[in-house]
Amino acid sequence: MIRVASCSVRGLPDIVSVPRNVRRRELLGEIVESLREHAPVDAIVLPGGYFVEGKANAYLCLSFDERCELLKSASFAGDVLSAVEVLDKQRRGALLIFGVDTGKQLKDPTGDQLCVAWSADGPLGIGRKVFPTEDEGSGGFVVNVDDFQAQQRVVQVGKSHILLCSYYDGYGVANSPDKSRFIRQIVAGGNHMAREVGSAGREFRQALKEGLAGWTKLVEGASGAAIAIHRFGGVGKPLSTSYWRRHGIATASAKLGGWAVAGANFEPRLPMRTRTSWRRTACPSTTFTWDSSGRRVMRRRL
């Protein structure tokens, strides 16, 4: 049996600042400690942009090994490793899966958006976002075509091969041609190309075609997905939990023929228990409340 814990957070890590990451690092320790009361887990899935740190596009053109080294130098690396070591003692090979954004704010269109899997031995898998939103595409988000087919974005959890998805990559599992329409800029073979019409855009279209073919192969070889979702809030389709449940998580699970688990930042509030079955399953079993200074002031079991 595979056990996966999904953890969601109320509030957004809006600004790149060490104090903000400190609060998220402390919360990570609380999450891991709370799981001691339960059966050991094979993985924990945290929200997109759980940590926000670094220069925009710092990871864009790096190799996998170079990306791992940069992650290991981040301010949160020691806390992540400590957390995973605790998990690993309870379940050998346990993973912590979480989002890392770079730039000036969460979902900065000029920055990176990563879904990272970290084991007791260090970073094990990295999925850099390949399916931007419409706003991100028009705002300058650059896709590295190699990330469509990078084998390192598939990690093993138990006997399942899990595809690491950053936010809208979850939609791309079942609907990659449609979601690729927002890609405006691509890096391929060291060349930076922009979407253009006619012959001027031929190289761009060819690179994108090859990238999507590689993505299809990754999806075919995966049996599950871990999705680091940046934000829920409001009633609009892109932010609604019901829309994501039907068209993101459920369709990804159906396409893969396995499980899909997501962690998310909730802007107004965390899900509340109702008679609706999916809301009962989405509701957290444990909550922590923090004051504005980052100090935990209450722990409540639901």
Side-chain angles (χ1 to χ4, degrees), residues 48-49 54-71 99-104 107-117 123-155 161-222 225-228 230 252 255-256:
K55 296 180 179 179
N57 285 336
Y59 295 84
L60 174 60
C61 294
L62 299 183
S63 67
F64 175 74
D65 289 339
E66 290 171 333
R67 288 176 175 179
C68 289
E69 289 303 311
L70 188 55
L71 283 169
V100 176
D101 284 13
T102 67
K104 295 183 178 180
K107 289 180 87 278
D108 187 338
T110 65
D112 303 283
Q113 296 178 31
L114 312 176
C115 182
V116 177
L124 181 67
I126 301 172
R128 188 180 185 276
K129 192 173 195 174
V130 289
F131 294 101
T133 65
E134 184 174 8
D135 289 345
E136 290 166 350
S138 60
F141 188 86
V142 183
V143 172
N144 188 327
V145 71
D146 292 338
D147 287 316
F148 280 108
Q149 50 203 344
Q151 293 296 323
Q152 294 88 352
R153 74 181 304 147
V154 177
V155 297
H161 293 87
I162 305 307
L163 183 65
L164 301 176
C165 300
S166 178
Y167 202 29
Y168 264 44
D169 292 347
Y171 285 122
V173 170
N175 197 6
S176 58
D178 177 64
K179 296 306 175 184
S180 66
R181 72 185 188 278
F182 299 136
I183 299 173
R184 296 288 180 266
Q185 299 185 57
I186 276 181
V187 169
N191 297 320
H192 191 144
M193 296 170 283
R195 183 187 291 270
E196 299 181 55
V197 298
S199 59
R202 185 177 296 117
E203 287 186 88
F204 175 96
R205 291 191 295 272
Q206 182 59 32
L208 180 57
K209 180 180 179 180
E210 293 174 359
L212 291 176
W215 175 260
T216 298
K217 291 181 180 179
L218 278 188
V219 171
E220 290 174 349
I227 309 172
H230 283 86
K255 177 70 175 180
L256 296 167

Worksheet, complete the sentence: side chain to side chain contact (heavy atoms under 4.5 Å, CB included) filter on Ala56, not counting sequence neighbours, yields Thr110

Worksheet item: Within a radius of less than 6.0 Å around CD of Glu203, do more than 12 heavy atoms belonging to other residues, nucleotides or ligands occur?
Response: no

Item to complete: Decide yes or no for Val187 and Cys61: does some side-chain heavy atom of the first lie under 4.5 Å from some side-chain heavy atom of the second?
Response: yes

Discussion item. For Phe131, does the six-membered ring have the charged nitrogen or CZ of Lys179 within the cation-pi criterion, i.e. under 6.0 angstrom from the centroid and within 45° of the normal?
Written reply: no

Worksheet item: Can you name the side-chain hydrogen bond (donor to acceptor under 3.5 Å, both in side chains) partners of Glu210, sequence neighbours left out?
Response: Gln206

Discussion item. Could you work out, with salt bridge (Lys or Arg N to Asp or Glu O under 4.0 Å) as the rule, every residue matching Asp101, not counting sequence neighbours?
Written reply: none

Worksheet item: With sequence neighbours excluded, what pairs up with Ser63 under the side-chain hydrogen bond (donor to acceptor under 3.5 Å, both in side chains) test?
Response: Glu66

Item to complete: For the residue pair Leu71 and Val116, establish whether any side-chain heavy-atom pair is separated by less than 4.5 Å.
Response: yes

Item to complete: Could you pull out all residues at least two apart from His192 that satisfy side-chain hydrogen bond (donor to acceptor under 3.5 Å, both in side chains)?
Response: Gln185

Worksheet item: Can you name the residues that form a salt bridge (Lys or Arg N to Asp or Glu O under 4.0 Å) with Arg67, not counting sequence neighbours?
Response: Asp147

Worksheet entry | Between CD on residue Glu69 and CZ on residue Phe64, distance to nearest 0.5 Å | 10.5 Å

Discussion item. Is the shortest side-chain heavy-atom distance between Val142 and Ile186 below 4.5 Å?
Written reply: no

Worksheet entry | Polar side-chain atom of Thr102 near backbone of Lys55 as donor-acceptor pair, under 3.5 Å | yes

Item to complete: Would you please name every residue forming a side-chain hydrogen bond (donor to acceptor under 3.5 Å, both in side chains) with Arg205, sequence neighbours left out?
Response: none

Practice prompt. Could you check if a side-chain atom of Val154 sits within less than 4.5 angstrom of a side-chain atom of Ile162, using non-hydrogen atoms only?
Written response: no

Worksheet entry | Spacing of CG belonging to Leu164 relative to SG belonging to Cys115, to within rounding of 0.5 Å | 4.5 Å

Discussion item. The criterion is salt bridge (Lys or Arg N to Asp or Glu O under 4.0 Å); which residues satisfy it with Arg181, sequence neighbours excluded?
Written reply: Asp178

Worksheet item: Can you name the nearest heavy-atom pair linking Val155 to Gly125, along with the distance?
Response: CG1-CA, 3.7 Å

Fill in: Leu208 side chain reached by Ile183 side chain, heavy atoms, under 4.5 Å
yes

Item to complete: Using ring pair (Phe, Tyr, Trp, His ring centres under 6.0 Å) as the criterion, list what pairs up with Phe141, not counting sequence neighbours.
Response: none

Worksheet entry | For Gly137 against Pro132, the heavy-atom pair lying closest together | N-CB, 4.1 Å

Worksheet entry | Within residues 126-135 or reaching into it, pairs that qualify as side chain to side chain donor-acceptor pair (under 3.5 Å) - sequence neighbours excluded | Asn57-Arg128, Asp112-Arg128, Gln113-Lys129, Lys129-Glu136, Thr133-Glu136

Discussion item. I need the Ser176 OG to Phe148 CZ distance, nearest 0.5 Å.
Written reply: 8.5 Å

Fill in: salt bridge (charged side-chain N to carboxylate O under 4.0 Å, His left out) contacts touching residues 183-194 (sequence neighbours left out)
none

Worksheet, complete the sentence: Applied to residues 187-202, the salt bridge (charged side-chain N to carboxylate O under 4.0 Å, His left out) test, sequence neighbours excluded, yields none

Worksheet item: In Å, rounded to the nearest 0.5 Å, how long is the span from CH2 of Trp215 to OG of Ser180?
Response: 11.5 Å

Worksheet entry | Arg153 and Ile126, any side-chain heavy atoms less than 4.5 Å apart | no

Practice prompt. Report yes if the side chains of Tyr59 and Leu70 come closer than 4.5 Å at any heavy-atom pair, otherwise no.
Written response: yes

